[in-house]
Amino acid sequence: MGKRTSPVLTEFELLVLLAVLGLQDAAYPLAIGDAIETKTKRKASRGAVLITLERLEDKGLVTSWYGDPTPVRGGRAKRFFRPKPGAIQAVRASLGRIETMTEGLEALLGLR
Amino acid sequence: MRRPSRVTAWLLRLALSRHRADAVIGDISEELARHEKRPWPRLWFEARALMYLATAWRLSGPASLRSARHVVRDSIRAIQSAPGMSAFIVLILTVGITAATVTFSVVDTVVLRPLPFPQSDELVVLSSATSVSNLRAASVPEYLRWRQGNDALSALAAYRGTFDTVTFGTDSEAIQSARTTANLFDVLRTPPLAGQLFTPDHEIAGRDRVAVIGLGLAQRRFGSAASALGQRLALRDGPVTILGVMPGGFSYPLTYDKPVELWRPLVIRDDERQPQGGLSRDLQLVGRLRPGASPLQALAQLEAATQDLRQAFPHSYRDWTSRIVSLYESLVGNVRGWMLLVLWAVGLVMLVACANVANLLLMRSTVRARELAVRTSLGATRRQLVAGLLTEGLLLSLSAAGLAVLLASWGVGVAKAALPLGIPRAEGISLDLRILGTAIAMAVMTGLVFGAVPAWQASRADVVGLLKDAGSNITSSRRHWRAAFVILEVAFVAVLLVATALFVSSFIKVTRAPLGFDRADLMTTDSFKPSPQIGIEVADVLRQIPGVASVAIMAGGSPPLIMRGFGGGASGTNIRRADAPSTSEVLAADMRRVSPDYFKTAGIAFIRGSVFADADSSSVVIDDVAAQKLFAESAALGATIRIQGMTRDFTIVGVVANVHVNGPEEPSGAQVYFPLLSKTGNVQFLIRTSGPATPVVPAVQAALGGMVAPGGQPAQVLVVQEAFRRITADRRFSAGLMSIFGLLALLIGAAGIYSVMASLVALQMREIGLRLALGATAARIRREVIDQAGRYLLTGLALGLPIAWWVSRAFASLLFRVEPSDGFVYAAVAITLVVVGIAAALAPAWRAGRVDPLVTLKS
């Protein structure tokens with residue numbers, strides 16, 4: 001049996017997963033979308049965030065649980081997401097692949 | 001706190017799970033709370049939820065879509081595998097939905113919908129009415145008194161309906177119009193769309209050259225409402241200025257086949273205000289009750305207000321009473337009964353259709369029990385089986401719905417054209433989308449419920465047993481269901497057939513009832529002044545026309561033989577016995593001045609005595625109604641009567657049968673006939689032909705065309721049979737519709753019997769084969785199938801006929817000389833149903849007798 005490889009992440013999946021890692025126990029779709037928009041200045045549709053989280057859950061990278069209902073949400077619970085053990089490795093592998101591909105292009109890309 | 005609409009919430013839960021959907025709704029609520037000043041928050045909320053939904057479906061869609069496609073594909077295959085039955089189900093549903101929708105659209109517009117005026121339940125029609133005529137009108141003095149002296153009414157308007165010919169350059173158009181008091185629009189609470197209305201100031205001769213027109217006329221002739229204002233309309237009696245334009249859809253009076261598009265001030269002349277000699281009733285009145293006032297209260301005040309008139313003109317009130325009825329009742333009272341009955345009938349047809357479709361679907365699932373069992377044994381879940389059968393039911397119902405939408409939109413036009421003349425509000429009839437929706441929903445429900453039930457049963461059944469025995473052990477409960485459905489169908493059909501038979505026999509009785517004269521092969525002309533010849537010479541010319549058997553002359557304006565079919569004024573008078581004191585009661589009678597051959601030509605029979613001689617100025621013929629009211633049965637002949645307004649007395653030389661001028665269903669008043677003395681002046685002709693009258697009409701019309709005074713209108717020729725058809729049109733139409741529905745229900749019911757017997761035989765093939773092998777004869781097997789069908793029919797009849805008897809008492813008032821409990825009708829319905837039902841069972845019975853024991857036992 002070969003070594004188990006980490007799932008490949010798309011760019012948006014990477015961003016969402018990084019946001020989940022950063023928000024720790026406060027990661028729910030609205031906060032995740034806000035974090036991506038604030039830090040990257042790019043638009044993050046809430047529907048797309050939710051579906052990406054579902055997909056990450058399918059890939060076994062995050063898990064979800066329901067919090068307590070709050071009045072501001074019309075008495076509805078938040079669905080929180082928490083990274084699973086494989087998440088860090090998947091992020092690292094994704095970033096590593098990018099790093100590898102950028103080697104030798106630093107001057108061109110103006111990274112130095 | 002905002003919530004999404006139910007539909008959106010439901011869709012979200014369908015796409016995600018319940019908890020996930022709730023969390024999403026919470027997210028949206030929280031996002032909205034952050035931006036409280038967002039415009040249209042509700043819309044934003046919905047849009048946001050739909051966006052989540054769209055994303056969710058886009059990302060998770062393909063798999064479920066693929067399985068849905070498979071379900072639909074399998075269902076289409078299943079439908080194609082039994083094309084005959086599928087087509088039959090679609091046909092039955094289509095016919096049911098179409099008939100229900102078209103009928104309801106008509107009945108709703110004419111009868112059920114409130115009148116198109118604010119608080120229309122306060123509107124009432126006031127009139128003086130007599131029990132012997134259809135005249136519902138009031139005289140000017142009555143109107144003036146009722147307007148003043150009634151505090152139960154907030155307003156009372158008077159009008160006369162008429163036609164106006166409007167000329168536009170070289171073009172002219174006949175427009176339905178009304179002369180009305182200015183307050184008509186107040187009574188109806190309808191302001192003009194543009195411009196203004198005329199006022200009481202315009203109701204004075206000389207100031208009345210103004211008009212208000214309908215939006216249709218304004219748009220047709222001036223382009224728009226605004227550009228019509230201030231324009232002049234060229235009418236026959238001179239130009240009028242357009243003051244205002246009424247909103248689209250406004251029309252009053254509502255009794256005409258065309259909408260009224262022109263309203264002009266009603267000018268009441270001074271001589272009308274001060275009556276001389278008697279009251280002439282030609283005004284129509286509509287008023288509005290004060291809130292809380294009752295019609296009875298208003299009626300009491302009507303009677304009180306005209307007390308002085310009653311004393312001054314007692315003969316004008318003989319047989320006349322004041323009447324007040326709601327505007328709604330006065331418009332639809334005549335047609336409501338039969339229209340509601342027809343609606344009820346079509347409802348029964350729809351029920352029979354649904355019961356039959358349910359039966360066919362049950363039967364189809366029985367035939368497919370083995371297939372379902374195989375699928376279950378291969379691992380199909382109950383959900384998959386149900387989804388498949390539901391889709392099948394849905395596809396069938398939706399195909400029927402699609403066809404029905406097309407057919408109904410065509411059918412409404414046909415029904416509108418076929419309606420008898422004079423049905424109020426008929427011009428507003430259009431396809432009613434609500435009822436189309438309801439009928440389709442009924443059809444879809446039938447398809448879904450009876451498609452799903454067998455799947456449910458099949459998935460619970462013992463698969464091994466099913467596979468061994470092709471379904472016979474799961475079908476016993478379903479067989480009971482099918483028997484119940486077929487019995488119900490027979491019962492519904494029986495109820496409908498009884499109603500149809502009662503209606504049709506009423507119609508036949510109406511057409512056969514004696515009218516007091518012979519209406520076949522008879523025509524009459526309207527009143528005209530011949531020139532250069534006089535009446536007698538014209539009659540001689542007419543007698544020369546081939547096909548004319550006899551010709552009689554009447555004075556112009558004589559009442560026609562059939563009143564409603566022709567319109568035209570009645571010329572009435574008051575008569576009393578010459579030997580009675582002048583204060584004694586008088587009798588109102590229709591008066592005709594006729595030539596001696598009138599009675600022979602009309603076919604009016606003499607009960608006593610005979611006709612007066614030509615130019616005999618002192619003799620008179622009366623009808624049996626007058627004879628009975630004025631004299632003892634036999635004492636009339638030779639007695640003398642005095643006629644109001646005449647100086648001489650007249651001797652009665654003959655008594656004839658009463659002519660039912662209002663048709664056989666309504667009474668008619670006394671009639672008196674005088675000899676035609678004047679040889680000049682306006683005349684009318686009554687012409688009897690030796691064969692049917694219609695082919696002779698052109699020749700008569702051509703002959704009369706050459707004998708009209710200069711400037712006069714040529715006389716119109718009217719076939720009396722046509723007039724009779726017109727006054728019986730409601731009955732003919734309703735009897736025709738009921739026959740169509742009855743026949744439809746009978747056919748669908750027969751198909752129901754056939755399908756049930758056929759499926760029973762198909763299921764019992766093995767048993768029948770075994771019995772034949774053991775020595776049963778084919779005749780016996782066949783007889784048993786027929787017996788079974790007979791039992792269903794008799795049970796259905798035992799259920800349906802008492803219901804029919806109970807229901808038909810409710811519409812007894814719509815019947816004519818037929819009792820709701822007429823035994824002959826019930827017997828005829830029972831025999832028809834049994835004969836048709838047994839005929840439908842013959843084919844399955846024949847098939848049962850031909851079962852080959854060898855083949856069925858081997859299979």
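Order of the sequence lines sets the chain letters (A, B, ...), proteins ahead of strands, with each chain counted from 1. For clarity, every value in this text was computed on a predicted model and none was experimentally measured.
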Quiz item: Side chain, backbone, both or neither: which part of A:L50 has a non-hydrogen atom closer than 4.5 Å to chain B?
Solution: side chain

Exercise. Pick one of side chain, backbone, both or neither for A:S45, based on which atoms fall under 4.5 Å of a heavy atom in chain B.
Key: side chain

Practice problem: Provide the full list of side-chain hydrogen bond (donor to acceptor under 3.5 Å, both in side chains) pairs with a residue in residues 16-31 of chain A, sequence neighbours left out, each pair given once. | Solution: A:Y28-B:E30

Quiz item: Is there a donor-acceptor pair closer than 3.5 Å between any side-chain N or O of A:E37 and the backbone N or O of A:A44?
Solution: yes

Quiz item: Side chain, backbone, both or neither: which part of B:R20 has a non-hydrogen atom closer than 4.5 Å to chain A?
Solution: both

Quiz item: For residues 77-90 of chain A, which residue pairs qualify under salt bridge (charged side-chain N to carboxylate O under 4.0 Å, His left out), counting only residues two or more places apart or in two chains?
Solution: A:E54-A:R79, A:E57-A:R79

Quiz item: When you check the gap from the basic side-chain N to the acidic O, do B:D27 and A:R46 get nearer than 4.0 Å?
Solution: no

